[in-house]
There are 2 protein chains.
Amino acid sequence: MSSAPSVGRPRSGARRLPAGTAREEILDAAAELFSERGYAATSTRMIAEMVGVRQASLYYHFSTKEQILAELLESTVRPSLTYAEQLAQQALSPADALQALVRYDVGILLGARWNVGILYALPEIATEPFTRFRAEREQLRSAYRRLVAAVAGTPTADVTGDLVFGMVESVIGMRRDLPALPPPDQLGQSVADAALRLAGSPR
Amino acid sequence: MSSAPSVGRPRSGARRLPAGTAREEILDAAAELFSERGYAATSTRMIAEMVGVRQASLYYHFSTKEQILAELLESTVRPSLTYAEQLAQQALSPADALQALVRYDVGILLGARWNVGILYALPEIATEPFTRFRAEREQLRSAYRRLVAAVAGTPTADVTGDLVFGMVESVIGMRRDLPALPPPDQLGQSVADAALRLAGSPR
């Protein structure tokens, strides 16, 4: 997955990211620690140590641990949300738009260096610092609902949109639990095809 | 969801469960605290206080907090696994068996008093006390894979079985994130129908 040294080892100047700013390196170290050791078990001191900066430098960029987590979580949904808005401007069939969104979203969830999505289940997410993340994730869910309803040709509200959304997010668990996954492009296409079947499209 | 008093309020003899043993009441209180406050933020002392027993009594039943969590997690997969084994003894079509398993599994995940499934994402789950839970969950995943392959008529390994498994488990997130859900029976049937479409059955 990465050649980063094990947790707690002093970095002595090694860069985590080829061309990362201090801010990006803090986010990357936090993503590794949160997803591998757990959010509660990780302190800002540990993050600063892993990057090789003082805690004061970390606090210059992020005032709280929550703020780091919020930014990481937002990075798992905002690109797909932006992409869904771009798709809505294009003259695509609902089926093509749904497939494109699923492929893109799966790419975001599998392409990140660390599997930050597993942190969606933290109870902390219900609190204030995560209001924007929750709102953006619900907007993405709504985009799926709209596309699925358009593909199915049924304007009535049902749970199929939510099931497609849940199935797409389930690649987070697959990435953690399965010893091997198909290449991201191939898995993205499989999930996109599955989304069409789920939505009831004959294709 | 329940009329249990808020966290930390002394119980003074009130029973959490109409006819629960001390062991069941400890599990129920732990399920509430773990799922609502978080696993790391919950101590065995808090669990004992909520039930209204001494910590020594708790340790008589469970030697560690991990052991409590392991038992709670196993209770979310073992009934469905047992049910899948019973289904395999019956002369059902693959489509009927898949639908029955999905309906049952959704019922287990939605019917529990507390939404313990959101704890699947804890990094602690990778450690030794959770070996049996992980093994049983993988057996349940395998049961889905077999049924989905039988419905699809394709013996070749692909990810569709995993996607059905992930879609079924996504009701855990729906239960947490959505303001209202259809009744469990109705949602179970919707997910069962969705599983057949996903598996590629014409029904």
Side-chain angles (χ1 to χ4, degrees), chain A residues 33-42 106 115 117-127 134 137-138 141 148 152 157-174 176-182 186-191 193-202, chain B residues 33-42 106 115 117-127 134 137-138 141 148 152 157-174 176-182 186-191 193-202:
Chain A
L33 289 166
F34 291 167
S35 60
E36 306 278 309
R37 293 177 61 106
Y39 178 69
T42 299
V106 169
N115 198 9
I118 59 168
L119 302 165
Y120 289 175
L122 284 170
E124 285 87 347
I125 302 303
T127 61
R134 290 197 310 275
R137 183 159 169 262
E138 288 309 310
R141 180 198 299 277
V148 166
D158 85 345
V159 296
T160 309
D162 294 276
L163 292 176
V164 170
F165 183 64
M167 181 181 69
V168 170
E169 284 191 343
S170 79
V171 303
I172 295 164
M174 290 171 69
R176 189 192 60 163
D177 296 327
L178 299 182
L181 283 185
Q186 189 184 321
L187 182 53
Q189 188 59 50
S190 296
V191 183
D193 291 341
L196 275 199
R197 291 199 303 278
L198 242 181
S201 164
Chain B
L33 290 166
F34 291 166
S35 59
E36 304 280 308
R37 293 177 61 106
Y39 179 68
T42 298
V106 169
N115 198 10
I118 59 168
L119 302 165
Y120 289 176
L122 284 170
E124 285 86 349
I125 302 302
T127 62
R134 290 198 310 276
R137 184 160 169 261
E138 288 309 309
R141 179 198 299 275
V148 166
D158 85 343
V159 296
T160 309
D162 295 276
L163 293 175
V164 169
F165 183 65
M167 180 181 70
V168 169
E169 285 191 342
S170 79
V171 302
I172 295 165
M174 290 171 68
R176 188 192 62 165
D177 297 327
L178 299 182
L181 284 186
Q186 190 184 320
L187 182 53
Q189 188 59 52
S190 296
V191 183
D193 291 341
L196 275 200
R197 292 200 301 279
L198 241 181
S201 163

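Throughout, protein chains are lettered first and strands after them, A, B, ... in sequence-line order, and every chain is numbered starting at 1.
- Interface remark: of the candidates A:V191, A:I118, A:I125, A:L163, A:L163 forms the most heavy-atom pairs closer than 4.5 Å to chain B.
- Counting heavy-atom pairs under 4.5 Å between each of B:V171, B:L187, B:L119, B:L178 and chain A puts B:L178 at the top.
- Interatomic distance, B:R37 CZ to A:E124 CD, rounded to the nearest 0.5 Å: 10.5 Å.
- At a 4.5 Å heavy-atom cutoff, the contact between B:E138 and chain A is made by side-chain atoms alone.
- Note that CG of B:L198 and CE of A:M167 are 5.5 Å apart. Values are rounded to the nearest 0.5 Å.
- Smallest separation of non-hydrogen atoms from A:G166 and B:S170: CA-CB, 3.6 Å.
- With chain A as partner, the option from B:G117, B:A126, B:A40, B:A194 having the largest number of non-hydrogen pairs under 4.5 angstrom is B:A194.
- When heavy atoms are compared at a cutoff of 4.5 Å, B:L122 approaches chain A solely by way of its backbone atoms N, CA, C and O.
- Here the rule is side-chain contact (heavy atoms from CB on, under 4.5 Å) with B:S190, and of A:T160, A:V159, A:D162, A:D158 only A:V159 fits it.
- To the nearest 0.5 Å, atoms CZ (B:R137) and CG (A:D177) are separated by 4.5 Å.
- When each of B:F165, B:Y120, B:F34 is checked for heavy-atom pairs under 4.5 Å with chain A, B:Y120 comes out on top.
- When heavy atoms are compared at a cutoff of 4.5 Å, B:I172 does not approach chain A at all.
- Residue A:R134 does not touch chain B at all, counting heavy-atom pairs closer than 4.5 Å.
- Residues A:P123 and B:E36 share a closest heavy-atom pair of CB-O, 3.8 Å.
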